[in-house]
There are 2 protein chains.
Amino acid sequence: MATIKDVAKRAGVSASTASRAMHGSSMISKPTRDKVVKAARELNYAPDFNAQNLATKASNTIGVVLPVDHHEIFSNPFFLEMIRGINQVCSQNGAMTTLATGISSEELVHNIDVMIAQGHIRNFILLYSEKNDPVVTRLNHFDVQYVVIGKPYQEVNRTSYVDNDNIQAGTDATQYLIDHGHRKICFLYSDLTKMVQSDRILGYQRAMMQKQLPSILLGERFENHAAGVTALKKFFKAHPDVTGFVAVDDMLALKLQQVLHNDPDWKVRQFSLIGFNNSIFSDLAHPTLTSVAVFPQRLGEEAAKIVMADHPADELTTAVIVPHQIIERHSVHPIASLK
Amino acid sequence: MATIKDVAKRAGVSASTASRAMHGSSMISKPTRDKVVKAARELNYAPDFNAQNLATKASNTIGVVLPVDHHEIFSNPFFLEMIRGINQVCSQNGAMTTLATGISSEELVHNIDVMIAQGHIRNFILLYSEKNDPVVTRLNHFDVQYVVIGKPYQEVNRTSYVDNDNIQAGTDATQYLIDHGHRKICFLYSDLTKMVQSDRILGYQRAMMQKQLPSILLGERFENHAAGVTALKKFFKAHPDVTGFVAVDDMLALKLQQVLHNDPDWKVRQFSLIGFNNSIFSDLAHPTLTSVAVFPQRLGEEAAKIVMADHPADELTTAVIVPHQIIERHSVHPIASLK
DNA sequence: ATTTTAATTGCAAGCGATTGCATAAATTTT
DNA sequence: AAAATTTATGCAATCGCTTGCAATTAAAAT
């Protein structure tokens with residue numbers, strides 16, 4: 001493995017000159033810079049990561065924090081997409097990423113503690129956002145900068161984040177059904193404590209209100225088929241003429257679809273569905289599911305860009321909103337309705 | 001951030017003594033060791049990651065290589081599960097993990113090149129295995145140790161790996177159907193070039209052969225509903241009396257199920273299905289899908305354990321087989337058949 | 001032609017830890 | 001009680017790189 005001294009020797013200069021030349025310092029003359037760069041290339045030189053970080057006291061690795069392990073979360077391809085985005089821009093900027101995981105909140109915090117204590121993490125990116133997150137508390141306590149993907153709950157004005165405009169996405173999805181002639185539209189959610197869900201509901205309500213249509217909410221997880229059937233039976237009793245559903249995510253939409261399709265009464269009616277996330281489920285459904293894409297990879301990229309920009313501590317925080325987009329498939333059917 | 005000198009000063013000893021004490025060197029007396037450890041705890045000391053690695057010239061981070069980006073791959077929750085397993089045992093051993101990704105083979109190789117050149121990666125873990133992998137070539141060239149998850153293609157005798165016994169898994173899945181009275185069983189696959197698939201087929205064939213039953217293979221991706229219907233029509237013409245399917249993975253099983261369920265002719269017959277991977281799809285199906293679980297997290301853990309063990313270069317390689325397990329749900333129906 | 005100023009380069013210290021070797025203290029041995 | 005060991009500790013060099021400052025050289029000004 002070539003060191004800076006090897007490069008220096010080969011270029012016939014001192015190590016310090018070589019170092020400066022490699023960094024494009026203005027105090028090095030063009031000819032020597034060229035000599036050094038050439039030598040470096042010939043030796044396949046790359047500065048030793050640890051030595052460099054030690055000398056500059058400026059670490060170059062980004063800690064990516066996954067939410068506490070939970071099967072549901074880990075089977076969500078979202079995270080990997082975000083990671084891919086982060087890694088993409090990090091490696092373009094010569095930074096590394098390292099993961100923080102834990103099977104419990106305590107373990108995760110502990111792991112983060114040692115990462116901080118070892119002092120080689122420049123910044124953190126949190127792939128999630130939740131209320132009273134001990135990780136956030138920890139990071140604030142040690143005064144470590146971080147970016148969250150999602151809407152921050154704590155220190156809202158002091159934390160940078162990147163997120164979708166979920167309210168708008170909710171409105172757009174609903175409007176899409178309205179545009180296709182639907183008037184009796186139900187919003188299906190599974191967990192009100194998640195801000196993504198409540199935001200999308202808000203957006204749905206806004207769209208409905210604008211058209212003076214009543215909001216119809218349904219909270220149901222479809223944990224199993226029977227439970228789903230029961231819930232829907234009850235639901236249709238109260239709202240017999242619903243024609244469209246906005247489901248808070250594709251998985252829920254797919255579950256709903258399964259239930260609707262396997263019931264002799266319901267399957268003859270042609271319901272329209274729209275989901276969110278444009279996940280793999282949308283292609284698995286039959287008919288394939290129209291869905292609002294939210295581009296997790298972009299979220300990751302933007303988060304990484306913020307981190308890479310390396311703002312001064314006193315600068316205002318950054319918030320980036322990644323646009324969404326409706327991906328049209330075959331689960332929304334137009335209905336002729338009176339204006 | 002406390003340094004070893006701070007600890008030393010507080011304990012009233014020299015830095016070298018402090019360092020040795022922290023490492024439990026036998027040349028340090030009990031009382032001083034205690035003093036040092038106490039001081040370290042009080043100062044919340046953790047050795048600086050970069051300094052330590054620089055001094056010992058022994059890096060402590062593991063590079064985790066994801067396959068080249070490809071939507072299909074990134075939407076597969078498998079990888080994240082493996083990563084979780086890896087991270088789990090790495091952090092228990094005080095090691096870090098860092099990810100290598102790339103949107104093209106070239107980019108991935110390049111990223112790995114710089115990681116190697118920067119000299120701070122101890123070992124790599126490849127989360128995949130494929131023929132003529134340029135990454136493997138690279139790692140061999142630089143003589144960097146690595147472990148692959150899956151069956152190695154190159155340098156088979158010189159590389160450690162962890163994998164499932166996919167042949168056996170194929171046999172077991174098939175046998176499960178046979179035990180439920182099925183005799184006309186079809187194996188459904190999507191990509192013969194993948195060793196997982198060909199191995200599972202082999203296992204299937206072994207089980208069938210043992211019972212003197214003929215193998216019935218069907219290669220179909222179900223890219224869309226119509227294509228699926230066509231393929232199945234043709235298939236059933238040739239094999240009208242098939243009652244059970246072994247699908248090479250859950251997603252394919254789910255797609256098959258969708259097609260079967262949405263056709264008036266087929267839906268009245270009660271086919272039995274078994275899939276692989278026990279993925280989230282198995283719970284989404286209706287009826288829920290019986291599936292062979294393969295425990296990706298365990299795969300990750302075992303891979304990390306091999307890496308952590310830090311075998312001498314001349315030692316024999318390690319191969320770990322992670323057991324699989326059939327998770328019974330509701331997609332396999334017994335049929336009364338004559339012995 | 002001499003002095004000033006500007007442009008380059010190298011010396012050496014330091015980042016925070018580890019470790020071979022010398023030294024000091026404690027313990028045995030004679 | 002002096003010498004020989006054994007046991008504990010500290011000094012100083014080192015890992016590879018960066019950077020303040022002094023030193024050298026070249027260019028410009030007088």
Side-chain angles (χ1 to χ4, degrees), chain A residues 1-37 39-40 43-61 94-96 114-122, chain B residues 1-37 39-40 43-61 94-96 114-122:
Chain A
M1 211 93 292
T3 75
I4 189 91
K5 283 185 189 165
D6 299 328
V7 175
K9 191 177 298 173
R10 176 173 260 260
V13 298
S14 75
S16 38
T17 301
S19 171
R20 282 192 258 259
M22 293 299 291
H23 289 289
S25 160
S26 66
M27 48 163 95
I28 300 297
S29 69
K30 181 98 174 32
T32 39
R33 188 201 321 292
D34 291 347
K35 266 191 307 185
V36 171
V37 170
L43 292 175
N44 211 301
Y45 168 80
D48 180 275
F49 193 75
N50 295 125
Q52 194 168 49
N53 288 337
L54 179 58
T56 57
K57 293 185 68 55
S59 178
N60 216 4
T61 107
M96 308 263 74
V114 336
M115 288 168 88
I116 294 176
Q118 288 177 329
H120 69 128
I121 306 289
R122 188 167 92 188
Chain B
M1 210 91 295
T3 75
I4 188 88
K5 283 184 190 165
D6 299 328
V7 174
K9 192 177 297 171
R10 176 173 258 259
V13 297
S14 74
S16 36
T17 301
S19 171
R20 280 191 259 258
M22 293 298 292
H23 287 290
S25 161
S26 66
M27 49 163 94
I28 301 296
S29 69
K30 182 97 175 32
T32 39
R33 187 201 322 292
D34 291 345
K35 268 192 307 188
V36 171
V37 169
L43 292 176
N44 212 299
Y45 168 79
D48 180 274
F49 193 76
N50 296 125
Q52 193 168 50
N53 287 338
L54 178 58
T56 58
K57 293 186 70 53
S59 177
N60 216 3
T61 107
M96 309 261 73
V114 336
M115 288 168 87
I116 295 175
Q118 287 177 330
H120 69 128
I121 306 289
R122 189 167 90 188

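Residue numbering restarts at 1 for every chain, and letters A, B, ... go by the order of the sequence lines.
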Quiz item: Can you name the residues that form a side chain to side chain contact (heavy atoms under 4.5 Å, CB included) with B:Lys5, not counting sequence neighbours?
Solution: B:Thr3, B:Ala15
Self-check item: Listed once per pair and sorted, the side chain to side chain donor-acceptor pair (under 3.5 Å) pairs that draw on residues 11-28 of chain A, sequence neighbours left out
Solution: A:Ser14-A:Ser16, A:Ser14-A:Thr17
Quiz prompt | Rounded distance (Å) that lies between atom C1' of D:dG16 and atom NZ of A:Lys9 | solution = 14 Å
Quiz item: Nucleotide range of DNA chain C contacted by chain B, 5' to 3', under 4.0 Å to a heavy atom?
Solution: C:dG16 to C:dG20
Taking N or O atoms only and anything under 3.5 Å, show me the protein contacts with nucleotides 19-25 of chain D, one pair per line.
from, atom 1, to, atom 2, distance (Å)
D:dG20, O6, A:Arg20, NH2, 2.8

Quiz item: For B:Thr32 and B:Val13, which heavy atoms make the closest approach, and how far apart are they?
Solution: CG2-CG1, 4.4 Å
Exercise. Please report the closest heavy-atom contact between A:Met1 and B:Ile116, naming both atoms and the distance.
Key: SD-O, 3.8 Å
Please table the atom pairs, donor to acceptor, closer than 3.5 Å between any side-chain atom in residues 45-52 of chain B and protein atoms at least two apart or in another chain.
from, atom 1, to, atom 2, distance (Å)
B:Asp48, OD1, B:Asn50, N, 3.0
B:Asp48, OD1, B:Ala51, N, 2.8

Practice problem: Round to the nearest Å and state the distance from A:Met22 atom CE to D:dC17 atom P. | Solution: 10 Å
Exercise. Using side-chain hydrogen bond (donor to acceptor under 3.5 Å, both in side chains) as the criterion, list what pairs up with B:Ser59, not counting sequence neighbours.
Key: none
Quiz item: When rounded to the nearest 0.5 angstrom, what is the spacing between CE in A:Met96 and NE2 in B:His120?
Solution: 5.0 Å
Quiz item: NA contact type, A:Phe49, heavy-atom cut-off 4.0 Å: base, sugar-phosphate, or nothing?
Solution: nothing
Quiz prompt | Contact list for DNA chain D against residues 28-35 of chain B - heavy-atom distance below 4.0 Å | solution = B:Ile28, B:Ser29, B:Thr32
Quiz item: Rounded to the nearest 0.5 Å, what separation is found between the CD1 atom of A:Ile28 and the CE atom of A:Met22?
Solution: 12.0 Å
Quiz item: Rounding to a whole Å, what distance do you find between B:Ile4:CD1 and D:dG10:C1'?
Solution: 14 Å
Quiz item: Atom CE in A:Met115, atom OG1 in A:Thr61: separation rounded to 0.5 Å?
Solution: 6.5 Å
Self-check item: side chain to side chain contact (heavy atoms under 4.5 Å, CB included) partners of A:Ala39, counting only residues at least two apart
Solution: A:Val7, A:Arg10, A:Ala11
Quiz item: With sequence neighbours left out, which residue pairs that include part of residues 21-33 of chain B fulfil the salt bridge (charged side-chain N to carboxylate O under 4.0 Å, His left out) condition?
Solution: B:Lys30-B:Asp34
Self-check item: With sequence neighbours excluded, residues passing side chain to side chain contact (heavy atoms under 4.5 Å, CB included) with A:Asn44
Solution: none
Quiz item: How bent is the helix from C:dA1-D:dT30 to C:dT30-D:dA1, comparing axes over its five end pairs at each side, to the nearest 10°?
Solution: 50°
Quiz item: Can you tell me how far P of D:dT18 sits from NZ of A:Lys5, to the nearest Å?
Solution: 13 Å
Quiz item: Would you say A:Gln52 reaches D:dG16's phosphate, i.e. side-chain N/O to OP1/OP2 under 4.0 Å?
Solution: no
